[in-house]
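Worksheet: one structure, shown below.
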Amino acid sequence: MNSTENLPPACMRLVILRINYYRGKTPPGPRPLPFVGTIPYFLKNPMEFIRSLPQYGEMTTVYLRRKPAILLNTVELAKEAMVQNASSFSGRPALPLLMWLTDGYGIVMATYRPLLEAAEMVCSAHAQELWPGEEVFNLLPIIKHYPGPHQKLYQNAVKAFIRDAVKTHRETLDPDSPRDFIDAYLLEIEKQKSNEDSTFHEDNMIMSVSDLFFAGTDTTTTTIRWGLVFLIQNPDVQGLALSLGLIFMVLFEIFRIHSYRGKIPPGPRPLPFVGTIPQFLFSPMEFIRSLSEYGEMTTMYIGRQPAIFLNTIEIVKEALVQNASSFSGRPPIPLLMWVTEGYGIVMATYGHSWRQQRRFTLHSLRNFGLGKKSVEERVTEESRYLVSEMLKSEGKPFDPQHAIQNAVSNIICSIVFGDRFDYDDKRFAYLLEIVRENIIQSGAFIGQVFNLLPIMKHFPGPHQKIYQNAEELKAFIRDVVKTHRESLDPDSPRDFIDAYLLEMEKQKSNEDSTFDEDNMVMTVSDLFFAGTDTTATTIRWGLIFLTQNPDVQERCHEEIVQVLGYDRLPSMDDRDKLPYTYATVHEIQRCGNIVPSGVFHETTQPTKLRGYDIPKGTEVFTNLTAILTDKEHWKHPDTFNPENFLDENGHFFKPESFLPFSLGPRVCLGESLAKMELFLFITSLLQWIRFSWPPGAKWPDMNGIVSLTRSPEPFDIICHSRGSKK
Ligand code: HEM
């Protein structure tokens, strides 16, 4: 046997000698094999191997590759090493596979300080998910230059994905409002640019994000997956865990609600998760009426969020006028945001786009006659159509809903589209129907559920009809815009759409412009919704109050014919000569109370009101019901009585608490138009028609149907012609 043949046994002996050298100097442990240490035992059955280690005492030595590594098997020992001796035990070994993937950047694999060369530490309390090939790679890192399954690991690294995200973040970065971790990191890189010690650079950022991604995703999901397996194996525990989980969540929710106590205004007791929505849905008007019992401000819970109700005119003024910039936001109500995408005016955030759209719309409505004779003439002309449409059913009970809605809508249509629609136009009747359906459905049960669970938008259900209706209306508007565009004469705009198209053209090169087709379609849709249902619903409530109070009806009629006779229809100038009729129109609006809790506002910044700190993003409601029936301000708060608007001399006067259009920058944009429509339509109807309730017919529930607006239940009425008799 020559010397070369003797080489392997000699090497073997050397290795065994090396292993024996550690004996007594390191804690005991399973006997290692030459070169591969205890790795084969581990790979054969990792969990059995790990579980066997504490039998050697509170510390065990295993051999990863050729080096001994120490496992700490008790919590006391883990504390002693990782906490009391933190500076010695917080390094990371340079595991070849992970170093290949991370280059040592980021957090997880970054060096703590010069590594302990003597031993690698593994805390057995920390389970590791190992790829079986990992140990092979760590033994022979040279394989990184050859093909194999380890190359797949390298390709899987999410670094490229993160690099892409960093690129788009860098392009859209706003230094004043970092959106997330990447933005914050980019700003830190910039800040520390001139600091030589800085470790903030792109490679470290990418690896830190990747670490968060891996460590923050796999750990928790794996634990949850294990949880599911255990629960399936133990159905009895599953029921118990579910109940305990639910009890815990409910207790947590009660505790959370309780923690608000004293910090927010008082209010009705909320239920966990759904807040006070069930009380509201059970009897909306009773609920809204009860809110002022708690004082001038009340808290109700919309789901889990507290919202504030302002119950008096004084506090509404303080918030919406004196503190306008804090209280003029709109909350992103999920259903309405889904349908409007935040375009237009009503649901637009308090900011540049809202301001531009609102200012332009008000200005154009004025140019197209708001406050001028021409709109007044349009309303007068439409009143004539309405009277004759109603009298077509003379003497017979009929539902006046469609005729009134069509008449009112024709005013906004003539301003916006330059056209009115006949009462028997089927397509227009259909559009009016879907507008009504959307107003009712959006505030009803389905709308409330959607707002609690917006994910519903991806599933079928009645909420899809709301979306489809809104899209149909938008498609109608888009069609009208198309024909307007084709026949536009820049020198003589015919209506609001022409004016808008010209404004889009004018502002084309202005970067700040918000005049585009999406905003136009939504603004027109807003005018259509807000300008049709509100006035029409008020007139329908008026017919109910007038038939319930025939003496008021007679007195108005007498006053009107004394001033106008039957020769002409009323005009706005007649208001002073018709104080009782004018007071009656106002009383119809007060008792009709068609927006009982106002339109939701949202605080745009943290603010204070009457000593309460109100966080940014809190929903705020103007309790118009409480204000329109405030006992301190009204002579007859709870009954229909035009005397509420007459002084002792029988002259018309408007109490400060008459607030159907709200206040502040977001006050109703159509206030002047609505007032004109109400006075001219109601006075014309009273001049020519006597209304009576069908004998034996049931009176409607005076609480009405509360949704986005409060409307009367459908009803029939009988018209008797006055003019023909005289
Ligand atoms: C009796 C009729 C009407 C009543 C009672 C009424 C009431 C209201 C109320 C309470 C608001 C909410 C104000 C706030 O946020 O505090 C509002 C907003 C609005 N109204 Fe009216 N309204 C009526 C008619 C009209 C008409 C005819 C138009 C259309 C020309 C109109 C267009 C609007 C618009 C666009 C807004 C949103 C304003 C904004 O967010 O800046 N309204 N209305």
Side-chain angles (χ1 to χ4, degrees), residues 281 284 330-348 399 401-413 416-417 419 421 423-483 496-497 517-537 540 594-595 599-600 670 704-714:
L281 287 176
R330 283 267 190 254
I333 306 284
L335 180 68
L336 300 181
M337 291 310 285
W338 184 36
V339 165
T340 67
E341 297 175 73
Y343 288 120
I345 301 171
V346 180
M347 286 311 296
D399 184 347
Q401 149 89 34
H402 174 63
I404 296 174
Q405 214 190 359
N406 203 327
V408 171
S409 194
N410 271 346
I411 307 302
I412 199 75
C413 286
V416 173
F417 305 132
D419 219 350
F421 296 88
Y423 298 148
D424 53 11
D425 183 320
K426 292 270 180 317
R427 184 166 184 218
F428 191 62
Y430 172 70
L431 282 182
L432 292 178
E433 188 48 44
I434 62 176
V435 165
R436 250 218 82 55
E437 188 178 17
N438 265 22
I439 286 178
I440 293 193
Q441 290 302 325
S442 303
F445 181 74
I446 183 63
Q448 304 287 351
V449 174
F450 187 98
N451 290 334
L452 291 177
L453 288 169
I455 195 169
M456 279 169 65
K457 76 172 168 201
H458 301 295
F459 300 98
H463 53 285
Q464 295 294 352
K465 184 76 176 60
I466 300 178
Y467 187 78
Q468 199 188 317
N469 285 347
E471 288 302 304
E472 274 189 62
L473 181 66
K474 284 192 232 171
F476 170 79
I477 297 169
R478 269 197 196 101
D479 267 1
V480 181
V481 170
K482 191 165 165 269
T483 44
F496 179 79
I497 292 185
E517 190 150 329
D518 286 330
N519 250 335
M520 165 163 53
V521 170
M522 209 55 232
T523 297
V524 171
S525 164
D526 278 354
L527 293 177
F528 199 68
F529 268 98
T532 298
D533 191 67
T534 45
T535 313
T537 301
R540 288 202 302 132
I594 60 151
V595 200
V599 175
F600 22 70
I705 302 166
V706 179
S707 186
L708 290 186
T709 54
R710 183 181 85 110
S711 48
E713 291 171 343

**Asked** Are side-chain heavy atoms of Glu471 and Tyr467 found at a separation under 4.5 Å?
**Response** yes
**Prompt:** Would you call Phe450 and Ile466 a side-chain contact if the rule is heavy atoms closer than 4.5 Å?
**Reply:** no
**Request:** Determine, step by step, whether Met347 and Asp526 satisfy the side chain to side chain contact (heavy atoms under 4.5 Å, CB included) criterion, reporting the C-alpha distance in whole Å, the side-chain angles of both residues, the deciding distance to 0.1 Å, and the verdict.
**Result:** CA-CA 9 Å; Met347 286 311 296; Asp526 278 354; over 6 Å; no
**Asked** Can you tell me how far the CG atom of Leu473 sits from the CD atom of Gln468, to the nearest 0.5 Å?
**Response** 13.0 Å
**Asked** Do you know the tightest heavy-atom contact between Thr537 and Pro712?
**Response** CG2-CD, 3.8 Å
**Asked** So how far is it from Phe428 CZ to Asn410 CG, rounded to the nearest 0.5 Å?
**Response** 5.5 Å
**Request:** Nearest 0.5 Å please: distance from the CD1 atom of Ile446 over to the OG atom of Ser707.
**Result:** 12.0 Å
**Request:** Examine distances only and state if a side-chain atom of His402 and a backbone atom of Ala429 form a donor-acceptor pair shorter than 3.5 Å.
**Result:** no
**Message:** Under a 3.5 Å distance rule, please check whether Glu713 uses its side chain to pair with a backbone N or O of Ile705 as donor and acceptor.
**Reply:** no
**Item:** Inter-residue atom distance Asn406.CG - Thr532.OG1, 0.5 Å rounding
**Value:** 9.5 Å
**Request:** Compare all side-chain heavy atoms of Phe496 with those of Thr523 and state whether any distance is below 4.5 angstrom.
**Result:** yes
**Asked** Taking the side chain from His463 and the backbone from Phe459, do they hold a donor-acceptor pair closer than 3.5 Å?
**Response** yes
**Prompt:** Measuring from Asn451:CG to Leu336:CG, what's the distance to the nearest 0.5 Å?
**Reply:** 7.0 Å
**Request:** For residues Ile477 and Ser525, determine if any side-chain heavy atom of one lies less than 4.5 Å from a side-chain heavy atom of the other.
**Result:** yes
**Message:** Is the shortest side-chain heavy-atom distance between Arg710 and Val595 below 4.5 Å?
**Reply:** no
**Fill in**
Taken to the nearest 0.5 Å, the spacing of Asp399 CG from Arg540 CZ works out to 7.0 Å
**Prompt:** Taking C-beta and beyond as the side chain, do Ser409 and Phe528 meet within less than 4.5 Å on heavy atoms?
**Reply:** yes
**Prompt:** Is the side chain of Gln464 donor-acceptor paired with the backbone N or O of Lys457 at a distance under 3.5 Å, no angle test?
**Reply:** yes
**Request:** Using a 4.5 Å cut-off on heavy atoms from C-beta on, say whether the side chain of Phe529 contacts that of Asn438.
**Result:** yes
**Charged N-O contact under 4.0 Å between Glu433 and Arg436** = no
**Message:** Are the side chains of Glu472 and Ile434 in contact, using a 4.5 Å heavy-atom criterion?
**Reply:** yes
**Prompt:** Does the Asn519 side chain pair with the main chain of Tyr343, one donor and one acceptor, at a distance under 3.5 Å?
**Reply:** no
